Amino acid sequence: MRTTVRAGRRKVEVKHAEKPLFGPDGATKADLADYYARIAPLMLPLVRDRPVALERFPDGIDDPGFLSQHPPHPKWIRTVWTSSGRMMECQEAAALVWCADQAAITLHTWSSRTPRLGLPDRMVLDLDPVGEGEDAFESCRDAAWSVREVLTELGLAAYVMTTGSRGLHVHSPLRPEVGDLEVRRLAKAVADRVAARAPEEWTTRVRKAARHGRMFVDYLRNGPAQLAVAPYSVRARPGAPVAAPVTWEELDQLTSSRDFTIDLERQECPFAGMRRHARSPRRALSLLDRGEGGVVPRPRTSRGEGE
DNA sequence: GGAGACT
DNA sequence: AGTCTCCAACGCGCT
DNA sequence: AGCGCG
């Protein structure tokens, strides 16, 4: 009931390795640790240097978990001082495996990176379908395509991933030029433009009562100290689904946000090279403030296709 | 899952 | 020594 | 000022 997982040069002990975390017949803590060790080469470039918070389920997903921003941690795990205290970073595979031993099923990270905390290098738009089923997810997919179009109009790149929960996240890599609040303002403007394309279906109204069954185009994952689920993170749901970056081609084949699970085997990451496509949020904001951007999409070489 | 407080 | 409790936080737009 | 919301 106790094993050691090799992660790079380090060995990490996994206690109660055979404990099921995803229901009686679901994946065990060992499965979780093995997954994070296996996916580390793809995941680490996307989480490295970011303050991380752990969503932990020591008694499995059928018991309430908790979010931990300042967990006790071994000294070899790097930390950084942030506006909300000293937070961990996951710089190496062993850190991910240690998180698994802590029953940290899901990792959430900041949108800015050390040493540029407060200047996000990415923006996230969160799309959650209103109902259940494939139709609901399809409308979510449509919304993701619209987000991509609006981002393109503003000269911004777009990458998409399942959240492993209900919906999709669209990531847009940014040059770290402006602060959290400005990025949120940009995200809100993008969301408003998306919603304006199908006002009967989509909205940016925060209050549920004001939504009238429309899908919320969520821009609130941007802002100071805001967290978003890390790419390749496992979710606390039956079947151990994962947040999986996908190519835009793949997106149309998906039937749900949970199509990928802890069994995921990937050799190449659709988000690889994303940072090379980072664009200027300052320019996007100035286009918006001048009321442009829907008119003259500027020429570009490639778009957020993955690579 | 682990630390600190309380019994 | 057993048991309990805690483990986030931020701003927005409404009321 | 307080609350719902993510």
Side-chain angles (χ1 to χ4, degrees), chain A residues 1-3 12-21 28-30 32-33 50-75 77 79-88 95 97-112 117-118 120 123-130 140 143 163 165-170 179-192 195 202-230 235-236 243 257:
Chain A
M1 209 79 180
R2 165 177 299 225
T3 67
V12 181
E13 190 185 324
V14 177
K15 284 93 76 182
H16 307 291
E18 297 313 313
K19 180 193 237 185
L21 291 182
T28 64
K29 194 153 64 148
L32 186 68
R50 299 180 191 280
V52 63
L54 309 182
E55 200 179 345
R56 302 171 57 189
F57 296 83
D59 299 310
I61 62 172
D62 295 326
D63 278 291
F66 57 95
L67 190 69
S68 194
Q69 301 246 43
H70 318 288
H73 59 270
K75 283 189 290 290
I77 290 187
T79 60
V80 62
W81 188 257
T82 74
S83 58
S84 52
R86 198 160 275 287
M87 293 183 71
M88 281 178 40
V97 174
W98 178 84
C99 290
D101 180 51
Q102 294 298 297
I105 292 177
T106 309
L107 274 53
H108 301 262
T109 59
W110 277 33
S111 62
S112 57
L117 296 182
M123 175 169 69
V124 178
L125 277 292
D126 175 18
L127 307 164
D128 273 323
V130 165
C140 192
T163 63
S165 178
R166 310 185 48 215
L168 299 167
H169 279 188
V170 178
D180 288 301
L181 294 169
E182 285 294 273
V183 172
R184 185 208 279 133
R185 185 164 78 84
L186 177 58
K188 168 80 155 71
V190 170
D192 281 335
W202 306 328
T203 181
T204 60
R205 304 291 289 276
V206 174
R207 280 188 85 85
K208 270 194 167 160
R211 290 188 203 157
H212 306 298
R214 294 171 294 175
M215 186 180 74
F216 180 48
V217 184
D218 183 359
Y219 57 92
L220 294 170
R221 289 207 160 17
N222 306 280
Q226 285 298 329
L227 298 166
V229 62
R235 306 309 303 269
S257 183

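In what follows, every chain begins at residue 1, and chains take the letters A, B, ... in the order their sequences are listed. Every heavy atom of this structure was used, including side-chain atoms; hydrogens, water molecules and symmetry mates were not. Everything numeric in this text was worked out from a predicted model, so none of it was measured.
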Q: For A:R56 and A:Q102, which I'm curious about, is there any donor-acceptor pair between the side chains at under 3.5 Å?
A: yes
Q: Taking NZ, NE, NH1 and NH2 as the nitrogens, is one of them in A:D128 or A:R166 under 4.0 Å from a carboxylate oxygen of the other?
A: no
Q: Grab the CD-P distance between A:Q226 and D:dG6 for me, whole Å please.
A: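 It is 13 Å, rounded to the nearest whole Å.
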Q: Any donor-acceptor pair under 3.5 Å between the side chain of A:R207 and the base of D:dG4?
A: no
Q: Could you give the NE2-to-C1' distance, from A:H108 to C:dC10, as a whole number of Å?
A: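 Going from NE2 in A:H108 over to C1' in C:dC10 covers 16 Å.
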Q: Answer yes if the side chains of A:T79 and A:R86 hold a donor-acceptor pair under 3.5 Å, and no otherwise.
A: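 Looking only at side-chain atoms, A:R86 and A:T79 do form a donor-acceptor pair, the distance falling under 3.5 Å.
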Q: Among D:dG6, B:dA3, D:dC5, which is the nearest nucleotide to the side chain of A:V206?
A: D:dC5
Q: Nearest to the side chain of A:Q69 - C:dA9, B:dG1, C:dC12?
A: C:dA9
Q: Please determine if a side-chain N or O atom of A:K188 lies less than 4.0 Å away from the OP1 or OP2 oxygen of C:dG11.
A: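 Checking C:dG11 against A:K188, no side-chain N or O comes under 4.0 Å of OP1 or OP2.
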Q: Measuring from the side chain of A:F66 (C-beta onward, heavy atoms only), which nucleotide among D:dG6, C:dC7, C:dA9 has the closest atom?
A: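 Among the listed nucleotides, the one closest to the side chain of A:F66 is C:dC7.
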Q: OP1 or OP2 of C:dC12 versus the side-chain N and O atoms of A:R184: is any pair under 4.0 Å?
A: yes
Q: With no hydrogens and no angle check, just 3.5 Å: does a side-chain donor-acceptor pair link A:S257 and A:T163?
A: yes
Q: Which nucleotide, B:dG2, D:dC5, B:dG1, lies nearest any side-chain atom of A:K15?
A: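 Of the options given, the side chain of A:K15 lies nearest B:dG2.
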Q: Looking only at side-chain atoms of A:Q102, point me to the closest of D:dG6, C:dA8, B:dG2.
A: B:dG2
Q: Among D:dG6, B:dG1, C:dA9, which nucleotide has an atom closest to any side-chain atom of A:D126?
A: D:dG6
Q: May I ask you to say what A:R185 touches in the nucleic acid, namely base, sugar-phosphate or nothing, with a heavy-atom cut-off under 4.0 Å?
A: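 Nothing, no nucleic acid heavy atom in range.
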Q: Using atom CZ of A:R221 as one end and atom C1' of D:dC5 as the other, report the distance to the nearest whole Å.
A: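 One finds 11 Å between C1' of D:dC5 and CZ of A:R221, rounded.
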Q: Rounding to an integer number of angstrom, what distance separates C:dA8 and B:dA5 when you compare their P atoms?
A: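 After rounding to an integer number of Å, I get 16 Å for this pair.
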Q: Say we look at D:dG6 and C:dC7: how far apart would their P atoms be, to the nearest angstrom?
A: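 Here D:dG6 and C:dC7 have their P atoms 23 Å from each other.
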Q: Do NZ/NE/NH1/NH2 and the carboxylate oxygens of A:K188 and A:D192 come within less than 4.0 Å?
A: yes
Q: For A:D63 and C:dC7, what is the distance between atoms CG and P respectively, to the nearest whole Å?
A: 19 Å
Q: Could you state the CD1-P distance from A:I105 to B:dG1, rounded to the nearest angstrom?
A: 11 Å
Q: Between D:dC5, B:dG1, C:dC10, which nucleotide gets closest to the side-chain atoms of A:K208?
A: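 Closest nucleotide among those given: D:dC5.
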Q: Decide if atom NE2 of A:H70 counts as having more than 12 heavy atoms of other residues, nucleotides or ligands within a radius under 6.0 Å.
A: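 Enclosed.
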Q: To the nearest angstrom, how far is A:L54 atom CG from B:dG1 atom P?
A: 13 Å
Q: Measure from CG on A:D192 to C1' on C:dG13 and round the result to the nearest Å.
A: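 Checked: the CG to C1' distance equals 13 Å.
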Q: Given B:dG2, D:dG6, C:dC7, which nucleotide is nearest the side-chain atoms of A:S68?
A: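 Between B:dG2, D:dG6, C:dC7, the one nearest the side chain of A:S68 would be C:dC7.
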Q: Counting side-chain heavy atoms from CB outward, which of C:dA8, B:dG1, C:dA9 is closest to A:S84?
A: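 The closest nucleotide is C:dA9.
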Q: At under 4.0 Å between heavy atoms, what does A:D101 touch on the DNA or RNA strands: base, sugar-phosphate, or nothing?
A: sugar-phosphate
Q: Let me know, please, whether A:R56 or A:P224 comes out on the 5' side of the other along DNA chain C by nearest nucleotide.
A: A:R56
Q: Measuring from the side chain of A:A225 (C-beta onward, heavy atoms only), which nucleotide among B:dG1, C:dC10, B:dG2 has the closest atom?
A: C:dC10
Q: Rounded to whole Å, please give me the gap between CG in A:L125 and C1' in D:dG6.
A: 13 Å
